[in-house]
Amino acid sequence: AMQYRIEMSASREGVARIHLPGRSLELEARRDAGGWRVAIVDPESPPEQDGGNTIALRADNANDAVWRVARAAVRAVSELTNSPLPVELRHDPDT
């Protein structure tokens with residue numbers, strides 16, 4: 001099973017880090033017209049220009065937006081690497 005960890009920032013709303021096998025990704029949500037934009041950055045290979053690494057979505061708040069994108073990223077890596085997840089991802093970052 002694939003090992004991963006999603007860390008929500010305790011001091012900054014809408015900021016998280018995903019730890020995957022051999023890689024960590026940083027996420028940050030920003031308010032956008034009609035919803036949120038969540039930027040995903042690989043610190044080892046930052047994007048050359050802004051905009052190509054964001055996902056637009058509707059969510060209740062910045063933490064919800066980041067949590068949804070983090071779960072989707074973990075699921076995508078799991079499928080792409082054919083590594084099953086040990087347990088289903090929770091829906092609520094506060095539980």
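Any value given below was found using the heavy atoms of this structure, including those in side chains, with hydrogens, waters and symmetry copies removed. Since the model is a prediction, treat every value here as computed from it, not as a measurement.
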Novice: I'd like to check the side chain to side chain contact (heavy atoms under 4.5 Å, CB included) partners of Glu13; sequence neighbours left out, ordered by chain and number.
Specialist: Asn61, Ala62, Asn63

Novice: Between Ile55 and Ile40, is there a side-chain heavy-atom distance shorter than 4.5 Å?
Specialist: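 Ile40 reaches Ile55 side chain to side chain.
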
Novice: Quick one: pull up CG in Leu27 and OG in Ser9 and give me the separation to the nearest 0.5 Å.
Specialist: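 Output value for this atom pair is 12.0 Å.
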
Novice: Could you list the residues that satisfy salt bridge (Lys or Arg N to Asp or Glu O under 4.0 Å) with Glu7, not counting sequence neighbours?
Specialist: Arg5

Novice: Yes or no on side-chain contact (heavy atoms from CB on, under 4.5 Å) for Met8 and Val66, after CA distance, side-chain angles and deciding distance?
Specialist: CA-CA 8 Å; Met8 300 293 291; Val66 166; 4.2 Å; yes

Novice: Might you point out which heavy atoms bring Ala29 and Ala65 nearest each other, and give the distance in Å?
Specialist: CB-CB, 4.3 Å

Novice: Nearest 0.5 angstrom please: Arg71 CZ to Leu85 CG, how far?
Specialist: 11.5 Å

Novice: A cation-pi test, strictly: NZ or CZ of Arg30 under 6.0 Å from the centre of the six-membered ring of Trp36 and no more than 45 degrees from its axis. Yes or no?
Specialist: no

Novice: Does the side chain of Leu57 come within less than 4.5 Å of Arg68's, by heavy atoms?
Specialist: yes

Novice: Any side-chain heavy atom of Leu20 within less than 4.5 Å of one from Leu25?
Specialist: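 Leu20 reaches Leu25 side chain to side chain.
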
Novice: Determine, using the 4.5 Å side-chain heavy-atom cutoff (strictly less than), whether Val77 and Ile18 are members of one ILVMFWY cluster.
Specialist: yes

Novice: Would you confirm whether Ser78, through its side chain, and Val74, through its main-chain N or O, come within 3.5 Å as a donor-acceptor pair?
Specialist: no

Novice: Is Tyr4 close to His19 at the side-chain level, that is, under 4.5 Å between some pair of heavy atoms?
Specialist: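 No; the side chains remain at least 4.5 Å from each other.
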
Novice: Does any part of the side chain of Pro21, heavy atoms only, come nearer than 4.5 Å to the side chain of Met2, both counted from C-beta?
Specialist: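 When only atoms from C-beta onward are counted, Pro21 and Met2 do touch, with a gap below 4.5 Å.
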
Novice: Working to the nearest 0.5 angstrom, can you tell me the gap between Ile6 CD1 and Arg17 CZ?
Specialist: 13.5 Å

Novice: Would you please name every residue forming a salt bridge (Lys or Arg N to Asp or Glu O under 4.0 Å) with Arg23, sequence neighbours left out?
Specialist: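 Testing Arg23 for salt bridge (Lys or Arg N to Asp or Glu O under 4.0 Å), a comparison that skips the adjacent residues, returns Asp42, Glu44.
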
Novice: Between Arg37 and Thr54, do the side chains contain a donor N or O and an acceptor N or O under 3.5 Å apart?
Specialist: yes

